[in-house]
Amino acid sequence: MNEKGKSMKKITGKIVLTVIILLAVGIYYYVALPAINIHAAGFWTTLGLLIAFVTVIHAITQLRKRSKNNVVPIKSAEMQLKEMKGVKFGAGLFLLTLLIFAIGNLLSSPIINADKYQKLMEVKESDFTEDIQQTNYNTIPLLDKDSAELLGNRKMGSMVDMVSQFEVGSDYTQINYNDTPVRVTPLVYANEIKWLTNQKSGIPAYIRIDMATQNTECVKLEKTIKYSKSEYFNRNIYRHLRFHYPTYIFDDQIFFEIDDEGIPYWVCPVKKFNIGLFGGQTVGNVVLCNAVTGECTDYPVEKVPNWIDKVYSAELLTELYNYYGIYKHGFFNSILGQKDCLKATNGYNYIALDDDVWVYTGVTSVSGDQSNVGFVLMNQRTMETKYYKIEGAIEDSAMSSAEGQVQNLGYRATFPLLLNISDQPTYFMALKDGAGLVKKYAMVNVQKYQWVAIGDTVKECEKAYVSLLATNGISEVKENSDIFETITGKISAIAPVVIEGNTHYYIALENSDRLFDVNMSDENLIAIIRYQVGDMIELTYSPEENELQTVTQIKRM
């Protein structure tokens, strides 16, 4: 072959090699979707892999060239590598990338920047009774996410026109919708074949669950959802976002929400790193993507629309509060002396206040004792954080106390909500059976966690709890409450009945046409077993519209 032919072959080989490298890079980018941003760990991983790939390809090419030219290998591989300048340069560049990544991690860590981490979140001390008003049960979520999933799957099972093609997504985002706590989640394609046959028309509906009433709706859309997590290729929401914003580092969690008109959107927080290359993560921007049209709007975090409820994930807010509580006196104090070190407890729940969703969690010492020194509320839209200095039982202790009241039934407590009941900070939780169905409700006093009230309904539980507070010396509760009445009379009839495994006594009085229900699961009412027909008693009860009245206190006259 003449010199011209050799030159053309060499050029062709380089072009083919370049195309292979570009194709490999393109496929990797399309699948992995790394952000082109020096603050993204994935950027450095991708850069390192690219350098390593090019270096290996170059090394193989050089070795093949030597073999074709019948060049006798030099004495050692080390000497041979020195002659391969491109390979040496690539290896050096790879090591430099690793070094920058390692140094960046070190300079971004709390070891060096504990004070900066501690100041990422501003925490204001506030007053519980002023901020959290008396409870309106129409605005609090009575169910947790697991219960919502049961309702969502049950609703989907009844949709015979869609159940064979779609499933319920796992998002179940809790939001405020028209001043009501709801969870929303989109439908997803049941599998790849169902995607292939339905992707042209899109996803036709989403599930909306009222967390106060348990009302579950499958909301059918006039214009279907075309951009979602269950899509493949360019309509996959993550790929759609990356191609629109190649330099943005999106948070691990993006949230499915609906606006006031019920239009579905994806709320996509963009990470902001405040300390070094990789440290001090908060949120800098929010990309709002219309799930129907794919239209994207970029907002600075402080200017997001008010209807959006979730910008900061509960996990991120909890992490930021832990930085605030643990690093008050520096990094080494958090490991050694641990003076004044506080942390969030091992769970959280959501509270609706002022048309925003707030994350609630208790605050305890890092030593792992079983008491809280207070609790915090953290706004998921603005990151505003309020601390309430109220000592009491840790949530796990309150849950165990509630479960102890129904231990014969084996019910398990959900992580509690924090409510204001008669100006008393109170844990409120549902009690679920082994199938995950809510059977009862419990209220536990935060400061006196042995004060537990159980009820088959929320209203019954509250009445029993308020009565319990009055019994234990909080007299103003009874005086100020208008939900109880008292009656004195002689027992004309008394009979035990069993309802859902609990013993109740039904009592009739000579001077009343009403029938009174005494629930034996309330330990304050067990004295009823000593009463009989003809005894004069005083009953405190909550008036009901039906004939059966729920007794909260009983006293012999």
Indicate whether any N or O donor in one side chain lies under 3.5 Å from an N or O acceptor in the other, for [X] and [Y].
{"X": "Thr282", "Y": "Asn274", "answer": "yes"}
{"X": "Asp131", "Y": "Tyr388", "answer": "yes"}
{"X": "Asp517", "Y": "Gln549", "answer": "no"}
{"X": "Asn215", "Y": "Arg208", "answer": "no"}
{"X": "Asn285", "Y": "Tyr245", "answer": "no"}
{"X": "Tyr348", "Y": "Glu315", "answer": "yes"}
{"X": "Gln281", "Y": "Glu319", "answer": "no"}
{"X": "Tyr441", "Y": "Thr457", "answer": "no"}
{"X": "Thr550", "Y": "Glu460", "answer": "no"}
{"X": "Gln165", "Y": "Asn198", "answer": "yes"}
{"X": "Asn105", "Y": "Ser108", "answer": "no"}
{"X": "Thr345", "Y": "Thr364", "answer": "no"}

Specify the closest pair of heavy atoms between [X] and [Y], including all atoms of both residues, with the distance to one decimal.
{"X": "Gly157", "Y": "Val163", "value": "CA-CG2, 4.2 Å"}
{"X": "Met156", "Y": "Leu187", "value": "SD-CD2, 3.7 Å"}
{"X": "Asp355", "Y": "Asp179", "value": "OD1-OD1, 3.6 Å"}
{"X": "Ala344", "Y": "Thr318", "value": "CB-CG2, 3.7 Å"}
{"X": "Pro204", "Y": "Met162", "value": "CG-SD, 3.5 Å"}
{"X": "Ile454", "Y": "Ala402", "value": "CD1-O, 4.2 Å"}

For side-chain contact (heavy atoms from CB on, under 4.5 Å), just list the numbers for Leu120 and Tyr324, CA-CA rounded to whole Å, side-chain angles, deciding distance to a tenth of an Å, and then say yes or no. CA-CA 7 Å; Leu120 287 171; Tyr324 171 84; over 6 Å; no

Under a 4.5 Å cut-off applied to non-hydrogen side-chain atoms, are [X] and [Y] in contact?
{"X": "Trp451", "Y": "Val444", "value": "no"}
{"X": "Thr173", "Y": "Thr185", "value": "no"}
{"X": "Val359", "Y": "Tyr350", "value": "yes"}
{"X": "Lys463", "Y": "Val466", "value": "no"}
{"X": "Leu221", "Y": "Tyr206", "value": "yes"}

Does a side-chain N-to-carboxylate-O contact under 4.0 Å join [X] and [Y]?
{"X": "Asp456", "Y": "Lys440", "answer": "yes"}
{"X": "Lys389", "Y": "Asp127", "answer": "no"}
{"X": "Arg412", "Y": "Asp433", "answer": "no"}
{"X": "Arg183", "Y": "Asp210", "answer": "no"}

Take the angle between the ring planes of [X] and [Y] and call it parallel below 30°, perpendicular above 60°, tilted in between.
{"X": "Tyr265", "Y": "Trp307", "answer": "tilted"}
{"X": "Tyr360", "Y": "Phe415", "answer": "tilted"}
{"X": "Tyr232", "Y": "Trp195", "answer": "perpendicular"}
{"X": "Phe375", "Y": "Phe128", "answer": "perpendicular"}
{"X": "His240", "Y": "Tyr227", "answer": "tilted"}

Please report the C-alpha distance between Lys271 and Asp251 in whole Å, then the side-chain angles of each, then the deciding distance to 0.1 Å, and finally whether the salt bridge (Lys or Arg N to Asp or Glu O under 4.0 Å) criterion is met. CA-CA 6 Å; Lys271 294 181 182 181; Asp251 193 77; 5.1 Å; no

Donor-acceptor pair, side chain of [X] and main chain of [Y], under 3.5 angstrom:
{"X": "Asn379", "Y": "Arg381", "result": "yes"}
{"X": "Asn420", "Y": "Ile132", "result": "yes"}
{"X": "Thr414", "Y": "Ala430", "result": "yes"}
{"X": "Asp354", "Y": "Asp356", "result": "no"}
{"X": "Ser401", "Y": "Ser397", "result": "no"}
{"X": "Lys194", "Y": "Ser164", "result": "yes"}
{"X": "Thr361", "Y": "Gly347", "result": "yes"}

What about the rings of Tyr449 and Tyr427, do their centers lie closer together than 6.0 Å?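 That pair fails the under 6.0 Å test.
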
Begin from the C-alpha positions of Ile209 and Val182 and carry the test side-chain contact (heavy atoms from CB on, under 4.5 Å) through to its verdict. CA-CA 5 Å; Ile209 302 173; Val182 303; 6.0 Å; no

Euclidean distance, [Y] [atom2] relative to [X] [atom1], rounded to 0.5 Å:
{"X": "Leu353", "Y": "Trp358", "atom1": "CG", "atom2": "CH2", "result": "6.5 Å"}
{"X": "Tyr327", "Y": "Asn322", "atom1": "OH", "atom2": "CG", "result": "9.0 Å"}
{"X": "Arg242", "Y": "Ile237", "atom1": "CZ", "atom2": "CD1", "result": "12.0 Å"}
{"X": "Lys124", "Y": "Thr385", "atom1": "NZ", "atom2": "OG1", "result": "10.0 Å"}
{"X": "Ser365", "Y": "Asn372", "atom1": "OG", "atom2": "CG", "result": "9.5 Å"}
{"X": "Lys200", "Y": "Thr224", "atom1": "NZ", "atom2": "OG1", "result": "12.0 Å"}

Val283/Leu316 under side-chain contact (heavy atoms from CB on, under 4.5 Å): CA gap, chis, key distance, verdict: CA-CA 10 Å; Val283 176; Leu316 176 58; 4.1 Å; yes

I need the single residue from Lys229, Lys310, Lys145 that forms a salt bridge (charged side-chain N to carboxylate O under 4.0 Å, His left out) with Asp171. Which is it?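 Answer to the salt bridge (charged side-chain N to carboxylate O under 4.0 Å, His left out) test with Asp171 among Lys229, Lys310, Lys145: Lys229.
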
Test the Arg239-Tyr30 pair against the cation-pi criterion, namely NZ or CZ under 6.0 angstrom from the six-membered ring centroid and within 45° of the ring axis.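 Positive - Arg239 is close enough to the ring of Tyr30 and near enough to its axis.
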
Chi angles and distances behind the side-chain contact (heavy atoms from CB on, under 4.5 Å) call for Met211, Leu142: CA-CA 6 Å; Met211 301 300 285; Leu142 304 181; over 6 Å; no

Would you mind telling me which of Glu231, Glu167, Gln199 makes a side-chain hydrogen bond (donor to acceptor under 3.5 Å, both in side chains) with Tyr189?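 Of the listed options, the one satisfying the test is Glu231.
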
If you count every heavy atom of other residues, nucleotides or ligands that lies below 6.0 Å from Glu122 atom CD, does the total exceed 12?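 Atom CD in Glu122 is not crowded, with 12 or fewer foreign heavy atoms closer than 6.0 Å.
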
What do the steps show when you test Trp266 against Phe256 for ring pair (Phe, Tyr, Trp, His ring centres under 6.0 Å), and what is the final call? CA-CA 5 Å; Trp266 292 102; Phe256 181 81; 5.3 Å; yes

